[in-house]
Amino acid sequence: MTDLARLFDALLKAYGPRNWWPAQTPFEMMVGAVLTQNTSWKNVEKAIANFGDRLTPAFIAEALPEEIACIIRPSGYYNQKAIKLKALTAWYQRYGCDIGKARQANGEQLRGELLAVKGIGPETADAILLYALYKPFFVVDAYTRRILHRLGYEVPQAYESVRGMFEANLPRDVYLYNEFHALLVEHAKRHCQKQPACGRCPLEAVCLERNLKEW
DNA sequence: TTCCTGACTT
DNA sequence: AAGTCTGGAA
């Protein structure tokens with residue numbers, strides 16, 4: 001059993017299954033992945049709610065960027081994200097906006113297509129691959145890096161290297177990656193914020209940053 | 001004033 | 001490497 005597998009077990013024991021991603025439909029999941037770029041989830045929820053019954057590929061494909069920008073205003077970067085949502089939707093139309101059809105495609109091919117979409121980088125692509133398309137790519141975000149760093153890991157700069165760390169040391173399993181990333185987010189929000197709240201941290205026994213303070 | 005599950009351009 | 005995009009909550 002690897003260190004990362006032990007970390008997963010500790011987080012799962014501490015927080016329980018997260019049952020991610022918080023969305024009603026796969027398309028809503030993909031939209032949320034774009035809207036949450038460098039943005040708090042609270043603000044994304046407001047933007048999602050503003051869509052009402054318009055959170056569909058048909059609406060986004062037809063609407064002007066200005067109209068979408070108005071709807072998603074609370075999520076920030078609304079002009080850029082409006083364009084990103086239209087680009088994402090254009091990609092989805094290649095599969096007839098049919099998630100079942102998209103899931104039949106090869107994971108590596110889908111990843112290449114998503115990375116080619118303007119405004120979708122590696123983190124957003126992997127989130128969509130994992131949580132909407134059920135492809136086993138580990139999602140690396142700022143929380144992942146911060147937690148690993150504080151635990152004492154050497155965290156590479158390159159996104160793909162960090163992803164490789166996880167995928168090389170864990171079984172390539174969609175459910176495992178789903179829960180692991182969700183648990184890292186939960187841990188970052190509850191304890192491992194930028195200004196860490198180490199009181200009653202479930203990882204305190206194994207956390208290097210905590211131990212350094214004790215020294 | 002800082003921070004938020006980034007990605008792109010210069 | 002640094003600058004840009006942005007509102008909202010703490």
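A note on names: the letters A, B, ... follow the listed sequences, proteins ahead of strands, and every chain is numbered from 1.
- In this structure, the CD1 atom of A/Ile71 is 16 Å from the P atom of C/dT6, given to the nearest Å.
- Look at A/Glu108 and A/Arg111 and you find no salt bridge, because none of the NZ, NE, NH1 or NH2 atoms lies under 4.0 Å from a carboxylate O.
- Heavy-atom distances under 4.0 Å link DNA chain C to A/Asn43, A/Lys46 of residues 41-52 of chain A, given in residue order.
- A/Ile68 has its CD1 atom 20 Å from the P atom of C/dC5, to the nearest Å.
- At the heavy-atom level, A/Gly121 lies under 4.0 Å from the strands shown only through sugar-phosphate atoms.
- Remark: the backbone N or O of A/Asp126 is not paired with any side-chain donor or acceptor of A/Lys135 at under 3.5 angstrom.
- Between B/dG6 and A/Tyr77, no contact under 4.0 Å exists linking OP1 or OP2 to a side-chain N or O.
- Of the inter-residue distances, the one linking A/Leu148 atom CG with A/Glu154 atom CD reads 11.0 Å to the nearest 0.5 angstrom.
- Regarding A/Asn38, its CG atom lies at a distance of 14 Å from the P atom of C/dG7, rounded to whole Å.
- As a whole-Å value, the separation of A/Ile72 CD1 from C/dG8 P is 12 Å.
- A/Arg146 has a side-chain polar atom (N or O) that falls below the 4.0 Å cut-off from OP1 or OP2 of B/dC4.
- Under the 30°/60° scheme for interplanar angles, the aromatic rings of A/Phe180 and A/Phe166 are found to stand perpendicular.
- Here A/Val117 lies in heavy-atom contact (under 4.0 Å) with sugar-phosphate atoms only.
- Rounded to whole Å, the separation between the C1' atoms of B/dC8 and C/dG8 comes to 23 Å.
- The interatomic distance linking A/Glu123 (CD) with B/dC8 (P) rounds to 12 Å, in whole Å.
- When rounded to the nearest whole Å, the span between CG of A/Asn79 and C1' of C/dG7 equals 12 Å.
- Remark: of the listed residues A/Ile48, A/Asn43, A/Thr124, A/Val44, A/Val44 is the sole one forming a side-chain contact (heavy atoms from CB on, under 4.5 Å) with A/Thr36.
- Using a 4.0 Å heavy-atom criterion, one finds that A/Ile120 contacts the sugar-phosphate atoms exclusively.
- Taking atom P on both B/dT10 and C/dT6, the two are 15 Å apart, rounded to the nearest angstrom.
- At least one side-chain nitrogen or oxygen of A/Lys118 sits closer than 4.0 Å to the OP1 or OP2 atom of B/dT9.
- The CZ atom of A/Arg163 sits 17 Å away from the C1' atom of B/dG6 (whole-angstrom rounding).
- Only the C1' atoms considered, C/dA1 is 23 Å distant from B/dC4, to the nearest whole Å.
- Look at A/Thr124 and you'll find a side-chain N or O under 4.0 angstrom from OP1 or OP2 of B/dA7.
- Counting to the nearest Å, the P atom of B/dC4 and the CD1 atom of A/Ile147 are 12 Å from each other.
- Tested against A/Arg6, the residues A/Thr2, A/Asp9, A/Asp3 include a single side chain to side chain donor-acceptor pair (under 3.5 Å) partner, A/Asp3.
- Position along DNA chain B of the nearest nucleotide to A/Ala127 versus A/Gly119 favours A/Ala127 as the more 5'-ward residue.
- Listed by first then second residue, pairs satisfying ring-ring contact (aromatic ring centres under 6.0 Å, His included) with a partner in residues 50-90 of chain A number zero, not counting sequence neighbours.
- At distances below 3.5 Å, at least one donor-acceptor pair connects side-chain atoms of A/Asn169 with backbone N or O atoms of A/Met165.
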